[in-house]
Every structure is written in structure tokens, then in C-alpha cells.
Amino acid sequence: EADVAYWVDRLAGLPAPTTVADGDGAAETADLPHQVHVDLGREWTARLTATLRDLGATLTSAVTAATGLTLGVATGETDVVFGQSVSGRDLSPDPAVDGVVGLLLNTVPARVTPRPGQSLADLVAAAHRDRVDAMPHDGVDLGDVQRATGWDRLLDSIVVVQNFLDPAAAEELRREHGVVAESAEDSTHFPLTWVFTPGESLHLKIEHRADLVDADRARALADTVTAVLKAVAEDPSQPVAGAVPVDAATAAALPPAGT
């Protein structure tokens, strides 16, 4: 109950749920989501890493801020919320959890409220502080939070930063065993799943339910969030209002958002 109360307080004053998808995101489908892939590039990834090091911030904080700005463009809102995947392994008091094989994950809300005069650095720092503050409450049930806030559907995006992967170790394993290609399906039920994978070139995969989010809109979201991450890398002192590119193609692809 204390965890639910914490999140209800964190979400107090949220003007509306943050939904991009057209239609009912809760509707079931047997179809796998479609995918959009984009790489930040080695040079931009190195610059982003150096900038975040100087700011004393994490990649997750930058991704949270950039995704929040992108969803703001997509929905026309300046107060947005989305799901954030967090580790659940340290949340159980049962010592037997150490013997569980695999990933133990949970999804909690992430709220981003950029102000026009706020700098990108300040927005990333706010995301970092919010995440640290929320960590003791990561064991909450997202469904309980949604019911307690009174919204039928609070969000339709989830963000995952796959920082549990070691790219160098994975590459060594591929060479050792002669693996030339690999693929996996680990889709979620959310209309939009944003998967950021660190490496020499930061990789983004957006999985989108084609019945709810079309390919053009998913591509526009991917292009916008990577542009924001580049803006953070280039000049984190610039205001958030100038960091989100909204050209004619992006504007045509993003609205109208779901209601």
C-alpha cells in the first residue's frame, strides 16, 4: 500500500493519460508487433557517453528525458507518463531469489514534465533524481497504480534500457561458437515498446502493434528520440524547446495521437 501511495502522489496532477496508439491498447492480438530499428552511430554514442559522464548522469536518465520529450511531440502534452522497465531481483526479501535463472523485471511509471526554458541538462538531471527517489518503490504493481489513479488506461509505451548486456562478451561468445546470426522474440503487450541497447553504437528498436501504431508514426518517433539524444550529446545547455525537431514529415506522421 505504501508503494501504491508513493506512485499516486508522484502522478498527482497528471492532466491526462499519455497514449499514442489509435484505438484500444488493451485489446488482445495474436500478431507479433512490427519493428523499427535505428542506430545512433559510434561518433554520436561516444559524444553522448562523454556528455553524460560530465553531467554525472546515466544513459537511462537521458533516455527517459528524450522519450518524454518525444511523447510530448506525439501527444501535444507537456506532462507525459510512460512505463519504465526496472530490475526486480533486489526487491524480494526471499534469499532463494538468488537461485532464480533469468531476468526478474517490473514496470513502473516514469513521468516527464519539461518546461520551455529548462535546459536539456536540467531535464536529464531531474529524470536521474526521480529514478533514484523511486527505486525503493519499484516493486509496485502497475495495475494497482493505474486503478488507484482512476485512469482506465494510464499509458501505452514502455521503455527498456538493456544495460544487462555485455556487448564485448556477447561478441566473444559468437566468435567462440561460430554464431553468424541470431534473433529472439520477447515482445510486450504494450502498443509501443522502446528498447535501447547500449554498445559502441546505441541501438534503438521500437516495437509497435501495427493495428494501433502505423510504421510511419513509429519511424517518426524513432527519428525524433534519436535527434533529442544527439542534442543532449551536442549541447546539453540548450533549452528543451529547441531540442525537438518537428519538420513537415515528422509533424505529418505523428498526429493525431490516440485519445
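What you see is a predicted model; the values in this text were computed from it and never measured. Start at 1 with the first residue, then count along the sequence.
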- [ ] Could you tell me whether the side chain of Thr193 reaches within less than 4.5 Å of the side chain of Pro33, counting heavy atoms only?
- [x] no
Open item on the list: Nearest 0.5 angstrom please: Ile206 CD1 to Arg217 CZ, how far?
Closed with: 12.5 Å
TODO: State the CD-CG distance between Gln162 and Leu59, to the nearest 0.5 angstrom.
DONE: 12.0 Å
TODO: Could you tell me whether the side chain of His177 reaches within less than 4.5 Å of the side chain of Leu173, counting heavy atoms only?
DONE: yes
- [ ] Considering only NZ, NE, NH1 and NH2 on the basic side and carboxylate oxygens on the acidic side, decide whether Asp223 and Arg219 come within less than 4.0 Å.
- [x] yes
Task: SB check Asp130 Arg111 (cutoff 4.0 Å) - done: no
Open item on the list: Do Leu40 and Phe196 make a side-chain contact, defined as non-hydrogen atoms from C-beta onward lying under 4.5 Å apart?
Closed with: no
Task: Nearest atoms (heavy-atom pairs only) where His137 meets Asp3 - done: ND1-OD1, 2.8 Å
Open item on the list: Determine whether a donor-acceptor pair (N or O, by modelled atom type, separation under 3.5 Å) exists between the side chain of Asn106 and the backbone of Val140.
Closed with: yes
Task: Carboxylate-amine/guanidinium contact Glu172 Arg174, below 4.0 Å - done: no
Task: Beyond-backbone contact of Gln84 with Ile158, side-chain heavy atoms, under 4.5 angstrom - done: no
Open item on the list: Atom CG of residue position Asp152 - does it have more than 12 heavy atoms of other residues, nucleotides or ligands inside 6.0 Å?
Closed with: no
TODO: Determine, stepwise, if the pair Thr113 / Thr78 fulfils side-chain contact (heavy atoms from CB on, under 4.5 Å).
DONE: CA-CA 6 Å; Thr113 56; Thr78 57; over 6 Å; no
Task: Thr149 and Trp7: CA distance, side-chain angles, deciding distance, side-chain contact (heavy atoms from CB on, under 4.5 Å) verdict - done: CA-CA 9 Å; Thr149 59; Trp7 286 108; over 6 Å; no
TODO: Take Leu14 and Asp79, measure what side-chain contact (heavy atoms from CB on, under 4.5 Å) needs, and give me the verdict at the end.
DONE: CA-CA 7 Å; Leu14 183 74; Asp79 189 346; 3.5 Å; yes
Open item on the list: Checking the side chain of Gln146 only, and the main-chain atoms of Leu154 only, is there a donor and an acceptor separated by less than 3.5 Å?
Closed with: yes
Task: 4.5 Å side-chain heavy-atom contact, Leu120 and Leu69 - done: yes
- [ ] List the atom of Ser237, the atom of Ser119, and the distance in Å for their closest heavy-atom pair.
- [x] O-CB, 3.6 Å
Open item on the list: Do Val112 and Thr67 have side chains that approach each other closer than 4.5 Å (heavy atoms only, starting at C-beta)?
Closed with: no
Open item on the list: With rounding to the nearest 0.5 angstrom, report the CZ to OG distance, Phe190 to Ser85.
Closed with: 9.5 Å
Task: His34 side, atom NE2; Asp211 side, atom CG - distance, nearest 0.5 Å - done: 9.0 Å
TODO: Compare every heavy atom of Ala134 with every heavy atom of Arg10, then report the nearest pair and how far apart it is.
DONE: NH1-CB, 3.7 Å
- [ ] Could you tell me whether a side-chain N or O of Gln238 sits under 3.5 Å from a main-chain N or O of Asp235, the two making a donor and an acceptor?
- [x] yes
Open item on the list: So which atom in Ala215 and which in Val36 form the shortest heavy-atom distance, rounded to 0.1 Å?
Closed with: O-CG2, 4.5 Å
Open item on the list: What's the separation between atom NE2 in His37 and atom OG1 in Thr197, rounded to the nearest 0.5 Å?
Closed with: 9.5 Å
Task: Atom pair CG/CG of Asp39 and Leu204 - distance to nearest 0.5 Å - done: 9.0 Å
Task: Arg131/Asp138 ion pair, N-O < 4.0 Å - done: yes
Open item on the list: What I'd like to find out is whether the side chain of Thr64 reaches to under 4.5 Å of the side chain of Val159, using heavy atoms alone.
Closed with: no
Open item on the list: Checking Ser61 against His128: is there a side-chain donor and acceptor pair closer than 3.5 Å?
Closed with: yes
- [ ] Spell out, as yes or no, whether a donor-acceptor pair under 3.5 Å connects the side chain of Asp156 to the backbone of Ala21.
- [x] yes
- [ ] Can you see which heavy atom on Val225 is nearest to which on Thr70, and at what distance?
- [x] CA-OG1, 3.2 Å
Open item on the list: Counting C-beta onward and ignoring hydrogens, is there a side-chain heavy-atom pair between Pro109 and Leu11 closer than 4.5 Å?
Closed with: yes
- [ ] Spell out, as yes or no, whether a donor-acceptor pair under 3.5 Å connects the side chain of Ser201 to the backbone of Gly41.
- [x] yes
- [ ] Give the C-alpha distance, both sets of side-chain angles, the deciding distance and a yes or no for side-chain contact (heavy atoms from CB on, under 4.5 Å) between Asp141 and Val145.
- [x] CA-CA 7 Å; Asp141 186 315; Val145 174; over 6 Å; no
Open item on the list: How close do Pro236 and Leu55 get, counting heavy atoms only, and between which atoms?
Closed with: CB-CD1, 4.1 Å
Open item on the list: Hydrogens and angles aside, do Ser157 and Trp194 bring a side-chain donor and acceptor to less than 3.5 Å of each other?
Closed with: yes
